[in-house]
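Only heavy atoms go into these numbers, but all of them, side chains included; no hydrogens, no water, no symmetry mates. Labels below follow one simple rule: chain letters A, B, ... track the order of the sequence lines, proteins then strands, and each chain is numbered from 1.
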Amino acid sequence: MEDFLEIAGKKIGNRLFIGTGKFSSYAIMKRALEVAKAEVATVALRRVDASLKAENIMDYIPQECKVMINTSGARDADEAVRIARLAKAGQAGNWIKIEVIRDNKYLLPDNIETLKAVEVLAKEGFVVFPYMSPDLSIARRMADAGASAIMPLGSPIGSNRGIKTREFIEIMVNEINLPIIVDAGLGKPSEACECMEIGCAAVLVNTAIAVSEDPVKMAKAFSQAVYAGRLAYLSGIPTAGKFASASSPLTGFLREDKPQGDGLASDSQSHKKS
Amino acid sequence: MEDFLEIAGKKIGNRLFIGTGKFSSYAIMKRALEVAKAEVATVALRRVDASLKAENIMDYIPQECKVMINTSGARDADEAVRIARLAKAGQAGNWIKIEVIRDNKYLLPDNIETLKAVEVLAKEGFVVFPYMSPDLSIARRMADAGASAIMPLGSPIGSNRGIKTREFIEIMVNEINLPIIVDAGLGKPSEACECMEIGCAAVLVNTAIAVSEDPVKMAKAFSQAVYAGRLAYLSGIPTAGKFASASSPLTGFLREDKPQGDGLASDSQSHKKS
Amino acid sequence: MEDFLEIAGKKIGNRLFIGTGKFSSYAIMKRALEVAKAEVATVALRRVDASLKAENIMDYIPQECKVMINTSGARDADEAVRIARLAKAGQAGNWIKIEVIRDNKYLLPDNIETLKAVEVLAKEGFVVFPYMSPDLSIARRMADAGASAIMPLGSPIGSNRGIKTREFIEIMVNEINLPIIVDAGLGKPSEACECMEIGCAAVLVNTAIAVSEDPVKMAKAFSQAVYAGRLAYLSGIPTAGKFASASSPLTGFLREDKPQGDGLASDSQSHKKS
Amino acid sequence: MEDFLEIAGKKIGNRLFIGTGKFSSYAIMKRALEVAKAEVATVALRRVDASLKAENIMDYIPQECKVMINTSGARDADEAVRIARLAKAGQAGNWIKIEVIRDNKYLLPDNIETLKAVEVLAKEGFVVFPYMSPDLSIARRMADAGASAIMPLGSPIGSNRGIKTREFIEIMVNEINLPIIVDAGLGKPSEACECMEIGCAAVLVNTAIAVSEDPVKMAKAFSQAVYAGRLAYLSGIPTAGKFASASSPLTGFLREDKPQGDGLASDSQSHKKS
Amino acid sequence: MLININGKPEEVEIKLNLVELILAKGLSVERVVIEHNLRIVPKEEWIDTRLQENDKVEIVSFVGGG
Amino acid sequence: MLININGKPEEVEIKLNLVELILAKGLSVERVVIEHNLRIVPKEEWIDTRLQENDKVEIVSFVGGG
Amino acid sequence: MLININGKPEEVEIKLNLVELILAKGLSVERVVIEHNLRIVPKEEWIDTRLQENDKVEIVSFVGGG
Amino acid sequence: MLININGKPEEVEIKLNLVELILAKGLSVERVVIEHNLRIVPKEEWIDTRLQENDKVEIVSFVGGG
């Protein structure tokens with residue numbers, strides 16, 4: 001099946017984007033990206049710390065995997081712009097997840113500063129992915145300002161609470177003519193699957209994979225679940241009903257006919273409220 | 001990875017069981033079973049209807065797929081036992097899903113008659129899978145009576161409402177030393193995935209696949225989702241938290257130090273309730 | 001408004017039944033019953049313990065409050081019947097909540113033994129209230145056996161998890177021609193309110209009141225919430241919709257007409273998916 | 001109990017605010033406000049329509065009920081400011097619910113324009129209540145700009161879908177030092193009750209009351225439920241647990257001791273997974 | 001001769017055996033199971049099983065089901 | 001004389017003041033608010049406020065709303 | 001004389017009647033119910049019911065419960 | 001000579017160029033990006049960029065992040 005998400009000319013087959021934070025080692029992270037066949041991975045930028053491991057994370061990102069730099073650490077639009085420019089100078093390409101956070105407890109994004117950063121960076125030619133609190137009105141402005149996709153959060157970063165914003169993400173999927181990529185809070189493959197079933201273009205998962213007991217296996221699980229959800233979306237999901245509907249035929253039962261007034265119908269009738 | 005569900009000596013790799021009702025043709029059903037790589041499929045037994053298609057459903061079940069006959073149509077234990085014996089005489093093997101239903105509207109099973117049928121059929125050497133309303137106490141009796149697995153319902157048959165009995169299925173998974181297989185009501189792959197994440201041994205899906213716009217693709221979607229959920233269960237799913245937890249490092253931020261009392265901390269402080 | 005629940009000739013105005021266990025003192029329990037204006041309260045029966053307080057709980061149940069003895073401690077029908085008979089001999093009346101539990105961890109009832117006890121006690125003239133796992137089929141048998149009301153659980157006793165069995169309780173409300181009284185697991189007034197909104201006849205709450213910081217105030221809160229839910233049920237609850245529906249008029253807006261192509265309509269249009 | 005919500009010097013005892021739209025007549029609306037003992041009611045402003053009823057809505061608002069004018073119809077900050085000033089000139093007081101909406105389908109507010117209107121109107125001395133999409137970061141700015149309370153939506157206006165934004169409203173309650181008043185989407189008293197249980201200061205309900213079959217009774221139901229939820233919040237709600245916890249004593253059971261290895265414990269043991 | 005097939009009265013030739021019955025109804029011997037007066041009849045006995053007036057016969061086969 | 005009332009062109013008598021306008025339209029002086037050329041006019045000024053050709057007038061009042 | 005009270009063996013005086021038993025244990029006659037050898041004994045019979053060696057007695061009363 | 005590196009004052013040799021600075025700190029030229037007095041310096045200019053007293057230098061690199 002030909003089913004690609006196309007962003008800025010890149011055709012993306014695997015709709016599970018993976019964040020590279022919190023893995024116990026870059027080697028395990030690499031293995032997770034490989035096993036999940038990830039095509040997009042996020043990376044952060046920080047001041048060098050001479051005391052830390054000398055490994056270069058870029059050596060552990062598979063060739064075929066597109067890097068998207070996040071602006072984590074930015075508290076306003078200016079800081080986000082500064083990080084984006086540094087990332088580009090560092091040969092990390094021009095895909096930027098704009099993340100502007102002023103709230104230390106719930107790590108909820110600042111939609112207004114994020115919008116400002118989108119305006120600046122889109123004009124400079126960056127491919128921008130704003131991470132935001134779900135808000136249709138501001139998402140429309142993000143689109144007008146040149147965002148390439150919208151990344152609403154499912155629940156607070158790293159909380160593993162799932163898609164607590166479902167109603168509003170569905171509205172965004174229906175109303176915004178850009179890929180909607182759920183980012184943050186997804187804790188289980190079933191939740192990622194659900195995002196895809198309602199029509200999201202992709203999901204970004206980090207914590208739930210990186211801190212599981214077996215991150216490589218969990219990366220594969222998320223990857224399969226995202227694919228399953230996408231397939232289901234494309235297959236046409238039947239709606240839920242109030243009542244039951246037999247899956248086996250309702251005729252040809254092997255049973256003796258019982259005299260009227262003695263069978264099931266009248267029985268259950270007698271318990272129904274008048 | 002070696003991960004099999006073993007029932008009555010059969011090793012089952014694919015934990016998605018598929019029901020064969022409601023497909024628009026046996027040919028499409030066959031294709032769905034093949035694409036999903038189903039290893040167990042349910043089939044019903046009915047009085048022959050000379051006016052109907054002459055095809056034999058058994059010719060459309062892939063060789064490697066185990067057939068499980070359901071006792072649909074049975075309204076009490078005696079009728080279920082009769083159907084099971086006929087199925088066996090028809091060379092359909094001895095795997096029987098016991099389904100005893102007296103309620104026409106919600107198609108909810110009769111746990112007491114089902115238990116009686118389990119007692120009789122298990123003694124006769126059948127491998128029995130009782131379909132039941134989730135009830136720990138009766139499930140224990142089913143186990144004592146010789147059931148090979150327990151099939152609690154997620155929601156009414158064919159309703160596509162998902163796993164509305166989640167709390168009680170989790171309890172059964174923890175307390176009953178038999179495979180728990182969620183049967184009935186699953187409408188989306190994400191719901192099947194969730195069943196596997198909480199430790200169910202398998203799920204049985206029919207309506208959601210058969211009546212989707214593209215049953216073959218949907219069968220594949222469910223199959224992938226079930227596999228993803230199983231992988232996640234085996235990988236150790238992290239628990240959900242109340243607060244956020246950063247996925248990018250919390251040190252090394254590229255920012256100017258701001259004089260105290262002016263920064264974020266005090267800002268947000270000023271909004272906190274005293 | 002005249003709105004009574006009538007059981008065995010008694011007209012009950014307050015549909016919050018209160019359990020008397022776990023209160024820090026009988027005095028506080030009494031105050032809670034009074035403030036909530038409870039009309040039915042459950043009481044247990046135990047072997048006397050000379051070392052314990054000499055107070056008689058019956059002295060602390062308000063006159064106008066009907067006592068219902070539960071058979072807690074019973075592990076089978078015989079034990080439940082024995083407790084019921086002792087209670088009657090102890091002048092506690094003939095209202096019996098039948099509670100038969102063999103599961104120590106989740107305290108889930110044994111529906112089959114409970115049904116047997118209903119059969120015996122109803123014949124002896126007791127007014128029986130079976131506490132049960134929600135199961136339409138067995139509830140029908142309880143009704144046939146002479147139960148005066150059905151008490152399905154919301155979630156495990158004392159878990160405060162709310163009404164996790166909602167779908168099945170709704171089915172019982174629709175199908176069983178007896179009062180449905182949700183018992184066990186309700187942790188918050190909003191959950192009790194929800195039970196009433198879906199048509200339950202009453203709820204029984206104990207733990208959530210008795211172990212709150214202020215049991216008297218919490219008893220009042222539950223009482224008000226139950227009343228509110230009943231009122232809402234009687235008022236006709238509008239159904240939920242997918243889309244919004246303005247509550248203020250949609251005409252007469254104070255606004256300048258804008259030239260076409262410049263206004264909201266086209267704006268939002270441009271973001272809609274093709 | 002002394003428990004008032006104090007806003008701009010007014011002490012409000014009844015935390016159910018009622019919207020006055022959609023009632024079939026002003027007379028019924030008046031009766032609903034009276035029976036619910038409402039202390040705050042919202043009213044809209046529109047161009048006069050000579051063809052419509054000559055009644056003045058203000059004659060139908062009880063004396064003791066504070067009027068809050070909404071800026072419905074406003075598509076940007078300027079229009080909202082204009083409406084607020086007209087309302088004040090019309091002797092409707094200076095309590096303004098700022099509602100700026102550009103989305104016709106879901107009626108979701110425009111947080112950025114709303115914030116601008118807050119800035120202008122708070123400076124002019126209005127007591128402003130911004131209606132907004134739940135967003136912690138913008139709510140903080142609303143507070144800084146002089147809002148008197150924050151009114152996040154539960155779900156789209158008039159949808160009766162309940163509090164679909166619960167996680168984010170809880171965060172706002174914890175983090176913002178202003179009353180949080182859930183506005184829009186509440187369809188049932190249990191949902192209003194739940195808002196109060198999590199610490200909201202009040203709720204505003206219109207559609208669910210006005211379009212019910214018996215608006216007067218439903219207004220009373222909501223009022224009781226809001227009061228119940230507030231009481232519960234003040235009483236200290238016990239947390240939910242995973243397991244059961246008996247409400248009747250766990251000692252003094254009337255039962256014969258059974259020989260070891262024969263009783264419940266070993267029984268249930270035998271079903272537990274190894 | 002009147003017998004009862006799948007719950008309905010039906011006129012058939014006298015002394016018909018079960019194989020003849022199945023063929024007469026245009027059914028395939030391979031895919032059906034027969035219960036004769038509440039007793040399941042193994043296929044090898046069909047040819048020797050002759051129907052009597054008022055016998056009850058159930059002829060069943062497999063169909064799609066969930 | 002043509003003026004614009006509530007977004008629609010309307011023919012009115014020359015030199016009408018605001019009180020006259022409200023009464024002419026059968027409205028109640030007590031319950032409406034008037035904006036004249038984007039300026040809110042206090043009720044005490046209505047009698048002295050005379051309309052000119054092409055003036056924009058908004059006449060608003062309160063209605064039920066959520 | 002050894003009897004079994006509430007599941008535990010207990011030494012009591014010979015030929016004690018039920019009223020005496022309750023008083024000896026410091027209990028209130030009003031608030032307990034007695035089952036003697038699995039038979040519930042009405043209060044009016046207590047004084048005439050004398051205990052024998054190995055009798056089983058259950059003395060129960062009401063407590064808070066949900 | 002005192003300069004500010006990554007937010008901290010640090011003593012370095014006079015007239016150090018950026019390549020020398022990176023090597024002196026034991027870092028790899030390939031994997032870092034340098035901002036000098038708020039201007040990002042392309043790698044080819046590093047050798048010609050000499051530090052002055054009180055200069056502000058940011059040296060950053062990529063790490064795992066979500």
- Note on the structure: From the list A:L108, A:I112, A:L115, the residue making the most non-hydrogen contacts under 4.5 Å with chain D is A:I112
- Under a 4.0 Å N-O cut-off, is there an ion pair linking A:D110 with D:R141? yes
- Message: I need the A:K105 NZ to D:N174 CG distance, nearest 0.5 Å.
- Response: 5.5 Å
- Message: Can you confirm whether D:I138 sits close enough to A:I138 that some side-chain heavy atom of one is under 4.5 Å from a side-chain heavy atom of the other?
- Response: yes
- Query: Side chain, backbone, both or neither: which part of D:R166 has a heavy atom under 4.5 Å from chain A?
  - Reply: neither
- CZ of A:R140 to CZ of D:R102: how many Å apart, nearest 0.5 Å? 8.0 Å
- Task: Compare all side-chain heavy atoms of D:D103 with those of A:I171 and state whether any distance is below 4.5 angstrom.
- Result: no
- Nearest-0.5 Å distance, OH of residue A:Y106 to CE of residue D:M172: 12.0 Å
- Task: Mark yes when over 12 heavy atoms from residues, nucleotides or ligands other than D:Y233 sit less than 6.0 Å from its OH; otherwise mark no.
- Result: no
- Least distance between heavy atoms, D:F168 atom then A:S155 atom: CZ-CA, 4.2 Å
- Note on the structure: In short, D:S137 meets A:N111 closest at the heavy-atom pair OG-N, 4.4 Å
- Task: Could you check if a side-chain atom of A:D135 sits within less than 4.5 angstrom of a side-chain atom of D:M132, using non-hydrogen atoms only?
- Result: no
